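Heads up: the structure comes next, in structure tokens.
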Amino acid sequence: MNKQFDQYTNGFSLSGDLKRDISLFFTINEDLRTLEHTLDVTAEAHRIADLFTIDPNQVISASLLHDISNVIPVSTMLDVAKELSIEILEEENKYNRSVHQKLSMFMAKDIFGISDREILLAIESHTTYRAQASMTAKILFVADKISWKLPGEHPHLIEMRERVNNLEIDKAILIYLNYIWEQRDKLKLVHPWLIKAREDLIKVVY
Ligand SMILES: [Fe+2]
Ligand SMILES: [Fe+2]
């Protein structure tokens, strides 16, 4: 394990039960807010996997691990990613937290010993989405957005839930990508993976 993670793994060891390990990991790092979000996303992702009658195991693992990098202070995320030789896109330098998905993927491998490529790639693109995503990546992406309990429900989230429940997951994803795209002038960064994925998805969905 890389030394950058020593401070986050003091007194931590793997039990083989990922849900238990993730709960312990966030507890020792005093991040119960992310733990709560993680468990909400995992429950929603499991529900969606069942809707599509697919084996939920990869989806559950990806969901449990997707935000583990939240234990790293946002202000240091870019520096930590650079120290770990994680490839950083020029655009990602504009916004520290943009690399949190790549950091979570790295930590899933390094701290939790995950080697399943589908799980790792789903974690790596859970905020930006990415072209040619697996079903695991699609479900994690959608569950991460629609499980948020935001005050005052947002119309795009209601519409996404309806699409998911109709088994139209690509349409649900595109609703979100369009929602981001429409705000592009106000945002610090619209990730190039999102831009490319949106262009591809428009061709498939319409
Ligand atoms: Fe995230
Ligand atoms: Fe999340």
Side-chain angles (χ1 to χ4, degrees), residues 5 8 18-19 21-23 25-27 29-49 56 58-78 80-81 84 86-89 91-112 114 118-130 133-151 153-154 156-157 160-161 164 169 172-173 175-177 179-180 183 187-194 197:
F5 302 135
Y8 307 113
L18 187 57
K19 192 169 179 180
D21 292 344
I22 289 292
S23 299
F25 181 76
F26 282 122
T27 304
N29 286 293
E30 298 179 1
D31 189 356
L32 298 183
R33 196 166 165 261
T34 302
L35 174 59
E36 189 186 352
H37 162 67
T38 295
L39 297 177
D40 287 346
V41 171
T42 304
E44 181 63 18
H46 192 168
R47 186 188 76 84
I48 299 170
Q58 286 169 305
V59 165
I60 290 172
S61 297
S63 303
L64 287 170
L65 291 155
H66 81 282
D67 272 339
I68 48 177
S69 65
N70 271 8
V71 302
I72 301 172
V74 173
S75 60
T76 66
M77 280 183 175
L78 266 173
V80 173
L84 296 167
I86 291 175
E87 192 187 338
I88 297 167
L89 303 177
E91 293 86 346
E92 288 171 332
N93 281 302
K94 291 182 198 161
Y95 177 43
N96 259 306
R97 202 173 136 72
S98 68
V99 293
H100 94 277
Q101 55 180 4
K102 290 181 175 175
L103 280 170
S104 284
M105 190 255 232
F106 193 100
M107 292 166 78
K109 275 195 280 191
D110 205 38
I111 301 175
F112 291 85
I114 302 295
E118 187 160 325
I119 295 172
L120 294 173
L121 291 178
I123 297 168
E124 189 188 32
S125 59
H126 78 263
T127 49
T128 59
Y129 198 59
R130 199 172 187 181
S134 68
M135 198 59 189
T136 300
K138 290 181 186 202
I139 293 175
L140 172 58
F141 183 78
V142 166
D144 189 35
K145 312 299 169 284
I146 67 177
S147 66
W148 277 109
K149 293 173 191 133
L150 296 170
E153 192 61 308
H154 292 246
H156 72 281
L157 295 179
M160 283 176 77
R161 275 193 205 98
V164 169
I169 199 159
I173 292 165
I175 288 164
Y176 193 82
L177 302 185
Y179 171 74
I180 297 293
Q183 298 178 74
L187 298 171
K188 284 183 194 156
L189 160 74
V190 178
H191 199 281
W193 289 359
L194 186 150

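Order of appearance sets the numbers: ligands from 1, and atoms from 1 within every ligand. Keep in mind the model is a prediction, meaning the values are calculated, not measured.
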Exercise. So, the side chain of D40 versus the backbone of S147: is there a donor-acceptor pair under 3.5 Å, distance only?
Worked result: no

Seminar exercise, completed: Taking the Fe ion (ligand 2) as the apex, D67 OD2 and D144 OD1 span an angle, rounded to 10°, of 180°

Problem set entry | N, O or S atom within H66 nearest to the Fe ion (ligand 2), by name | NE2

Problem set entry | Donor-acceptor side-chain pairing of H100 and N70 below 3.5 angstrom | no

For this session: Verify, without hydrogens or angle tests, whether T34 (side chain) and D31 (backbone) share a donor-acceptor contact under 3.5 angstrom.
Result: no

Problem set entry | N, O or S from H126 under 2.8 Å to the Fe ion (ligand 2) | no

Exercise. Is the cationic atom of K102 (NZ for Lys, CZ for Arg) positioned less than 6.0 Å from the six-membered ring centroid of F106 and within 45 degrees of its normal?
Worked result: no

